[in-house]
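Read through the structure below, which is laid out as structure tokens, and then see the notes.
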Amino acid sequence: MQREFDRQYDPSRIERQWYEHWLRLNLFSCPDETDKPRYSILMPPPNVTGVLTMGHVLNNTIQDLYIRYHRKKGKVACWFPGLDHAGIATQSKVEAELYRTEGKTRWDLGREEFLRRVWQWKEQYGGIILEQLRSLGVSCDWNRTLFTMDPGASNAVREVFIRLFDAGLIYRGKRIINWSPTLQSALSDEEVLYREVEDTLYTLKYYCEGSTTDYLPIATVRPETIFGDVAVAVHPDDERYRHLVGTRVRVPLTDRYVPVIADSYVDPAFGTGCLKITPAHDPNDFEIGMRHHLPVLVSINPDGKLNEVAGRYAGMDRFEARRRIVEDLRAQELIVSEMPYKHNVGFSERSGEPIEPYYSDQWFVHMQPLAQPALEAVLQGQIRFFPEHWVKTYEHWMRNIRDWCISRQLWWGHRIPVYYAPDGRFTAARSEEEARARLELGPDVPLWQDEDSLDTWFSSWLWMLTTMGWLHDGKTEDTPVLRTYLPTDLLVTGPDIIFFWVARMIMASLYFRGVIPFRDVYFTSIIRDDKGRKMSKSLGNSPDPLQLIGKYGADAVRYTVLYLAPVGQDVRITVDPVTQDAPQMELGRNFANKLWNAARFLALKADEAQVGAERSPTLAEEELSLSDRWIRSRLHATIRLVEEHLSRYRINEYVRTLYDFFWHDYCDWYIELLKIELQRTEYTELRQRRVRFALSIFEDALGLLHPLMPFITEEIWHRLGLRDRTESLCTSLLPSYNPSWEQPTLEQQMEILKQIIEQYRMLKATAGLKPSERPVSYYRAENHALELLECHAALVAELARIDVPTPYTPSGKPAGALTAFVRDTELFLVVGEHIIDRERERLQAEYERLQRLLAQTRSRLANEQFLQRAKPEIVENERAKEAAFVEALAKVEQSLRYLTQ
RNA sequence: GCGGUCUUAGCUCAGCUGGUUAGAGCGUCACGUUGACAUCGUGAAGGCCAGUGGUUCGAGUCCACUAGACCGCACCA
């Protein structure tokens, strides 16, 4: 039976086919209820507007790794996928398109028609990213895909709003909020990014009433806000100004007089010690204004333009107005000084322009009561963070939590379920009828629903509940799915949304269901380019993952990204600015190719020996060679390590462990040894059993690798095992660990044998001999090493490409021989006398190295404290080292002496 | 201002609860196509583990400080 195996692995030929096949076999969908152990993960829902980024690749590969691993442990492993409606991002996108194609704004269309267009857009382009994720091989339960604007999720959102409203945890208030003039909407504190900006600090003259010479010097970076001034504040104890408290000063460029007030908020040591109070345009001024019962004078409109309060500057944009006002202030000599000034300015995370603090009616969630239990769940370890240090960040935020502004002046989103009556009263309600009932109004009284919608995160924070059907009809709280899969086991997300999402989910889950939403949270690395910049579309420094998958294969991309991503450390991926290629992916591609070729070799041998799908009979225990036992020991160590690393989320260690096993243990050594052993096995039947043994080791290891590289492992598993297409490595169980097969002593022996081979190779290379030459070799060894060499001389000869080494009994060394050492074993390779100089150099270096080591060891042993306090086995070890170094030194020294003779 | 992370080979990084002679991949150099693999093999070169001090019998590993890189939160005109 011959199988086709190309010399090179081509992922593009098999990946898509396998994915579709898995979907046909329905391997990823889970029942609502089960008696089996279960494991669940919530996918952080990507935006409908999103396309696959390297961040998604990293994040979803980790999730897929864990889901697949636990599925292969025999659990019902359910991964809940979904999509986020992304209010601002999506609305902006559709508005931009509308303006480009039809020259219209959303107000031209009206709310209803505009929303129809957004839905249309969503049907057409939305969710592309979910399709893209499939090319990565993710094994979600696609039947459970939820969109945050789906009716079920929307019902839950409405119900939650009403419940929190009734509980007094949601309130409406006139506040200073972060306003984006571009988006024409409020933003939460978390959506504002602060950046240092070079500005000018203007000190202005506020003339005292009735005086043309006395003034208060008042510094500001925003002279355009002076029209909103309602007072000037000084510190109550400030001797310079105390006499002025209660008098009035004139606002520059106006005829308006405002009072001088005393408030301890003012820092007398900072600046001029005088502060203008503009409650409508500064959060701190607002607080002071409230304390002193001052009016809130709005001078800048929501569109960022000054209004009639600003007199002749009305209608001007805030930045244009600043320039004009400064010119006029200069002209009228109202400026004391202008100084360059660095300070932090808040920018809209979404639209990029400076935030305008804006005084308006908004909806807030009172966070304090929700935060307390959520903080405890993490501090007490019910929820674990990986890496753990994020707990500090979480705690800091939770202890200083501020109320959450949830209203957005957007149309795309969940509309706030609040109704207003003509008399000004309002209530949250499921319908207009219910609102009437709640407000005790007759059926003919007109009601208005609030125009605003809710922050997108107000639906995301319910994700663990809504994905599992909670309140999808507005009533049913307890579903079989919730009982089965909540709390989930793992959440994988970026640390940048710890507040936006992770913290709020914990709060919502505890408040509404009384359970934690997830047990472990793994915060992924941030992917950066080779200059350390975060990858982003605007910088153009992010490769297109689909292009990489197309070029290198999904397995290779998954492999490389996880190999490069240690826990808690950012990942740097070098990207070619022209081709957008990421050459580091070769790491994964080469590994896949290595795997493929190892399988190709096994298939060749299996076909030669006419091994079919059967794996028995295999070698009996007493038939196992040193290399067989060794590779089995390595396999079981690997099984153990895989479990250890994954349970501690040391993902790159897991990757490295498998790399080492496949490449170094299995390919570099085991296959090479197997080749020789097969050559020497005369009986067909024994050869067959030997190949079966080699295959079974390889196949077990494939299972361990499958969660990371699902496509190639499935393909190889089928080819080697000639398995039926209805079987899948996705659902076949992982090999189980057998501690008695992990044999450290045996591994040590093998290690010595490997070193002996390597030393012979080194000698041969030093002599510059051709590979085809087989120089005569000898050894002088004792005990174990002697035994090893006697038993495996032929293997050593084959692998080192030398003549079969034989014991050398005379003292001294063979004529024309180079010498090398493995512990106390001496190895000789007869090469003639032509490279004495290099040999002497090498031995001299070795001599010095050993002397350094010996000195170190001796100084340790000379220390009384060390002998007394260190553990006995450490001391013993040190003594053994001393002896070994002394002996080795003597031998090297002797060799050097022979050389000079 | 508060909190956090990082600094190990030319590059990108591993190195777990302190204890064999500090590792890998890429890159470099030399050799090589022996029936799995040149997307490969063999060998070699390459490291005062950022600096200073401390704890300890013992520090790349723990602590403090310094320098540099970065992140989060807060923010006064």
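Letters A, B, ... are given to chains in the order of the sequence lines, protein chains preceding strands, and every chain is numbered from 1. These numbers come from a predicted model, not from an experiment.
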Compute the ring centroids of [X] and [Y], then answer whether they are less than 6.0 Å apart.
X: A/His235; Y: A/Tyr241; result: no
X: A/Tyr666; Y: A/Phe662; result: no
X: A/Phe523; Y: A/Phe386; result: no
X: A/Phe347; Y: A/Tyr194; result: no

Just checking [X]: base, sugar-phosphate only, or nothing, at a heavy-atom cut-off of under 4.0 Å?
X: A/Arg399; result: nothing
X: A/Arg222; result: nothing
X: A/Arg774; result: nothing
X: A/Cys274; result: nothing
X: A/Glu672; result: base
X: A/Val266; result: base
X: A/Asn863; result: sugar-phosphate
X: A/Glu586; result: nothing
X: A/Phe591; result: nothing

Upstream residue (5' side of RNA chain B) when A/Arg849 and A/Pro771 are each assigned their closest nucleotide =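 The 5'-side residue here is A/Arg849.
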Which residue lies more 5' along RNA chain B, comparing A/Ile526 with A/Leu201 via nearest heavy atoms =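 Residue closer to the 5' terminus by nearest nucleotide: A/Ile526.
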Rounded to whole Å, please give me the gap between [atom1] in [X] and [atom2] in [N].
X: A/Trp596; N: B/A36; atom1: CH2; atom2: P; result: 16 Å
X: A/Leu861; N: B/G58; atom1: CG; atom2: C1'; result: 12 Å
X: A/Lys342; N: B/G1; atom1: NZ; atom2: P; result: 15 Å
X: A/Leu602; N: B/C37; atom1: CG; atom2: P; result: 13 Å

task = Test for a donor-acceptor pair under 3.5 Å between the base of B/A36 and the side chain of A/Lys605, counting only N and O atoms.
result =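 Flag unset: no donor-acceptor pair detected.
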task = Record whether the side chain of A/Arg648 comes under 3.5 Å of the base of B/C16 through a donor-acceptor pair of N or O atoms.
result =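 Answer is yes: a donor-acceptor pair is held.
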Can you tell me, in whole Å, how much space there is between the [atom1] of [N] and that of [M]?
N: B/U52; M: B/G68; atom1: C1'; value: 15 Å
N: B/A22; M: B/A38; atom1: C1'; value: 31 Å
N: B/G10; M: B/C75; atom1: P; value: 45 Å
N: B/A14; M: B/A67; atom1: C1'; value: 25 Å
N: B/U8; M: B/A59; atom1: C1'; value: 14 Å
N: B/G23; M: B/C62; atom1: C1'; value: 22 Å
N: B/G58; M: B/U12; atom1: P; value: 35 Å
N: B/A50; M: B/A45; atom1: P; value: 24 Å

Check every atom of [options] against the side chain of [X] and return the nucleotide holding the closest atom.
X: A/Asn344; options: B/G25, B/G4, B/C75; answer: B/C75
X: A/Arg589; options: B/U42, B/A36, B/U39; answer: B/U39
X: A/Asn590; options: B/G4, B/U39, B/C16; answer: B/U39
X: A/His396; options: B/C73, B/A36, B/G43; answer: B/C73
X: A/His389; options: B/G19, B/U5, B/C75; answer: B/U5
X: A/Gln584; options: B/G4, B/C37, B/U12; answer: B/U12
X: A/Arg650; options: B/C76, B/A36, B/G15; answer: B/G15
X: A/Arg801; options: B/U34, B/U12, B/C70; answer: B/U34
X: A/Thr393; options: B/U39, B/G25, B/G72; answer: B/G72
X: A/Leu587; options: B/G25, B/G19, B/U12; answer: B/G25

Find the partner of [N]: check Watson-Crick (N1-N3 plus N6-O4 or O6-N4) and G-U wobble (N1-O2, O6-N3) distances, both under 3.5 Å, and reply none if neither fits.
N: B/G32; answer: B/C40
N: B/A14; answer: none
N: B/G58; answer: none
N: B/A22; answer: none
N: B/U7; answer: B/A67
N: B/G1; answer: B/C73

key: Phosphate OP1/OP2 of B/U39 contacted by A/Lys594 side-chain N/O (<4.0 Å)   =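 No, outside the criterion.
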N/O (side chain, A/Arg656) to phosphate O (OP1/OP2, B/G15) under 4.0 Å =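 For B/G15, OP1/OP2 do not have a side-chain N/O of A/Arg656 under 4.0 Å.
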Heavy-atom side-chain proximity of A/Leu889 to A/Tyr847 below 4.5 angstrom =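 In short, these two side chains touch, coming nearer than 4.5 Å.
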Checking the side chain of [X] only, and the main-chain atoms of [Y] only, is there a donor and an acceptor separated by less than 3.5 Å?
X: A/Asp238; Y: A/Arg240; result: yes
X: A/Trp596; Y: A/Asp6; result: yes
X: A/Lys891; Y: A/Asp824; result: yes

inquiry  = Quick test of your reading of the model: are A/Arg600 and A/Glu4 salt-bridged, counting only N-O distances below 4.0 Å?
reply    =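 Salt bridge: no.
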